[in-house]
Number of protein chains: 2
Amino acid sequence: MSKGKISPLNSHGTITLRAVAEHVGLAPGTVSAVLNNAPSARSIPEHTRQRIHAAAKELKYRPNFLARSLRKQRTYTVGLILEEIGDSYGSMIISGVEAYLREKNYFFLTVIHRHDATMLRDYSQLLLERGVEGFVTVDTSFQEAPPLPTVCVAGHRALKGVTNIILDQEQGIRMGPEHLVRLGHRKIAFIRGPKTLGDSAPRWQGVRSFAKSVALELDPRLIVDLPESGDPISSFEAGYKLTEELIKSKRSVTALMAFDDMTAFGAIRALAKAGLRVPEHCSVIGFDDVAACSLYTPPLTTIRQPMEAMGAMAANLAIERINAVLEKREIAAVHRKMAPELAVRESTRSLL
Amino acid sequence: MSKGKISPLNSHGTITLRAVAEHVGLAPGTVSAVLNNAPSARSIPEHTRQRIHAAAKELKYRPNFLARSLRKQRTYTVGLILEEIGDSYGSMIISGVEAYLREKNYFFLTVIHRHDATMLRDYSQLLLERGVEGFVTVDTSFQEAPPLPTVCVAGHRALKGVTNIILDQEQGIRMGPEHLVRLGHRKIAFIRGPKTLGDSAPRWQGVRSFAKSVALELDPRLIVDLPESGDPISSFEAGYKLTEELIKSKRSVTALMAFDDMTAFGAIRALAKAGLRVPEHCSVIGFDDVAACSLYTPPLTTIRQPMEAMGAMAANLAIERINAVLEKREIAAVHRKMAPELAVRESTRSLL
DNA sequence: TCCCGAAGTTCGATTTAAATG
DNA sequence: GCATTTAAATCGAACTTCGGG
């Protein structure tokens, strides 16, 4: 057809800008300017604007996201890259990310690479093609810095240009032994993290510095290390085994501090198997505060990572950095430290 | 500028179709046809095709998703609507959805409406604007059927046109009492679901029919109902309270079957508080198999919902229905039943 | 008529320069 | 020249129509 009567509606029956324009008898450009409150619409008289707004509302006009994005070169979308999601860690982070992005009218595309480094490369490429404007990663370390603003939660490594959300491990971990000592414990066993894990060293550093400050003796025979492993569930089993051995060694212990909640759950099971009750025979304290902690019998005392807050902060920083790039502002990769807090429940008891 | 030398690269330095075309000295349309293996490219000689493919590879050409989507009116994106995500239920479903969609080269946009019905309307509108081609919902009931293919997991209600992933509750639940009876239990307490919840009735129906088949007496004094509530954590507390009352009543019970795992955890805590051990004094069985079950002390015997499989199935059906709509095929809203399975752990023991 | 490919239109919105009274 | 509005170019790819040898 050359020029005949063209329907303002497209083939799918959606209301387009043109439909609104024809309805009010104006040009699409005019309608666009008004609806977006563009500077070029300054001169358009109030009465015309109202007509346009009324028409848009009446026709239930919704701008086409794809068309708009294509033109403005903006998608208001970030890529969320997770290693895993079955654990409560990942999902709590998502929750925080979602809440923040939703509020800012951003969306996110999720990929889970399930411990596969090759997938990670492919997936970030796919996200790039989809036009994401930045990345938020959880427990994922890039080999090289991505070409977009990137904020990492957990599992981070120093990469120039990427911002890390860091838990203040050293300060946070102190709350554990501090709590135990306050309750009168002195014979404390420790299950440390795997030597290869970045989190392990600063945490132990925190314990040591606290121990020194209160002259608490750290008995090397009561200190064991989690073996290296990629699998989160494995720390449960490792916690079980290590505690079992500790029990067999018959060393006197009144409290046990585990590297994380999974390890603590494993330890509690081992204690129970040996006929030892928590906290009556041994206090146990974990780290993370996963969902199961408060449901556990006994409810687990633990050091809480503010996971939702960390997710929200990650989203916040991502948007901030996206804007910086758009405005060609230079912005340093500031790392944000988040403070953990002690969640006292019933797996620890006073000896006093 | 009027017509001078136009750079094939756009302002962001991305490689466009035109860039590839200029590189090989052909028209963009030709390149497009070849790269997409379009029917119109049939006649293009092999040698030209190779030149084009080589150039595309060399320049690392990636088609612009927005432009392509706009033109083809396809986004390969579905909207994932969740009520909540902190619990392991939501995240396991996501995991299944993600795995399936990823394989089919779809993406998904996530919104969490956090028990707010108003939000739900707004959010599905937003997803629509973003061009999603279908919905997958978890524990979310629309007031009216959405204008796109929709598949619901959990919390569904009969709405014409929407497909539900249904757990075969009636058959599944039988496995609970069956297991207990096989272990020699006869005095079994039941904590049923809230009367207002759709799942409750069929499950109880399953228990009753099984009881009848083995002449198991269901003592009404051992049957209690969870109160109505939107909050998942509340079933933990309700389980605790109801069990506490049951204990106080001093009725003889050797096993307890809870409506879900949360309720079971609450029950176990109440038993522990009363000095009763699981499974020595009382066996306990749950429903769902959330992540905490296997970590619990004792590990909880439960009836597993195949959550990842349900998520994958939902994604599967969603894509199937999206394709049906595109091909203008009529497709009935087939509901898919998934079979739960019994996960025997250590919270149940044999009396024989 | 076949072979090969170019040119132009479309998707829907934004934005510039230009035109009308 | 001023206030209003419009036509046309653009974003990047895909599809349809045409045309030269």
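Just so it is clear, the structure is predicted and the values come from calculations on it, not from any experiment. Residue numbers start from 1 in every chain, and the chains themselves are labelled A, B, ... in the order their sequence lines are given, proteins ahead of strands.
Residue A/Arg74 is out of contact with every strand shown, counting any heavy-atom pair closer than 4.0 Å. When heavy atoms are screened at a 4.0 angstrom cut-off, A/Phe65 is found touching no nucleic acid atom at all.
Phosphate proximity of C/dG12 to A/Tyr61: absent, as no side-chain N or O sits under 4.0 Å from OP1 or OP2. Of the side-chain N and O atoms in A/Arg68, one or more sit less than 4.0 angstrom from OP1 or OP2 of C/dT14. For C/dG12, the OP1/OP2 oxygens have a side-chain nitrogen or oxygen of B/Gln73 closer than 4.0 Å.
The CG-P distance, from B/Asn36 to D/dC15, rounds to 7 Å in whole Å. We find that CZ of A/Arg18 is positioned 7 Å from P of C/dC11, with the value rounded to whole Å. Atom CG in A/Asn64 sits roughly 6 Å away from atom P in C/dG12 (whole-Å rounding). To the nearest angstrom, C1' of D/dG12 lies 18 Å from NZ of A/Lys72. Atom OH in A/Tyr76 sits roughly 14 Å away from atom C1' in C/dA13 (whole-Å rounding). Taking atom CG on B/Leu66 and atom C1' on C/dA13, their separation rounds to 12 Å, with Å as the unit. Between the CD atom of A/Glu46 and the C1' atom of D/dA3 there is a distance of 15 Å, rounded to whole Å. Spacing between atom CD1 of B/Ile15 and atom P of D/dG12 amounts to 12 Å, rounded to whole angstrom units.
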Distance-only check: which donor-acceptor pairs under 3.5 Å involve side-chain atoms of residues 23-38 of chain A, not counting sequence neighbours?
from: A/Ser32; atom 1: OG; to: A/Asn36; atom 2: ND2; distance (Å): 3.3
from: A/Asn36; atom 1: OD1; to: A/Arg68; atom 2: NH2; distance (Å): 3.1
from: A/Asn36; atom 1: ND2; to: A/Ser32; atom 2: O; distance (Å): 2.8

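Inspection of the B/Glu308 and B/Ser95 side chains reveals an N or O donor paired with an N or O acceptor under 3.5 Å. Checked by atom type, the side-chain pair A/His115/A/Glu84 shows a donor-acceptor distance below 3.5 Å.
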Collect all protein-nucleotide pairs involving nucleotides 2-9 of chain C in which both atoms are nitrogen or oxygen and the distance is under 3.5 Å.
from: C/dC4; atom 1: OP2; to: B/Ser43; atom 2: O; distance (Å): 2.6
from: C/dA6; atom 1: OP2; to: B/Ala27; atom 2: N; distance (Å): 2.8
from: C/dA6; atom 1: OP2; to: B/Thr30; atom 2: OG1; distance (Å): 3.0

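The rotation axes computed at either terminus of the helix from C/dC2-D/dG21 to C/dG21-D/dC2 lie 80° apart, taking five pairs at each end and rounding to 10 degrees.
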Item to complete: Please lay out, stage by stage, how A/Glu83 and A/Arg114 fare under the test salt bridge (charged side-chain N to carboxylate O under 4.0 Å, His left out).
Response: CA-CA 5 Å; A/Glu83 176 169 45; A/Arg114 301 189 170 78; over 6 Å; no
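Taken from CD1 in A/Ile112 to CZ in B/Arg102, the straight-line distance is 10.5 Å, to the nearest 0.5 Å.
With hydrogens and angles ignored, the 3.5 Å screen pairs no side-chain donor or acceptor of A/Asn164 with any backbone N or O of A/Ile166. For B/Ser91 (side chain) and B/Ser88 (main-chain N/O), a donor-acceptor pair under 3.5 Å exists by modelled atom type.
For A/Arg121, the CZ atom is loosely surrounded, since the number of other residues' heavy atoms within 6.0 Å does not exceed 12. Within 6.0 Å of atom CD in A/Gln143, 12 or fewer heavy atoms from other residues, nucleotides or ligands are found, so the atom counts as exposed in its surroundings.
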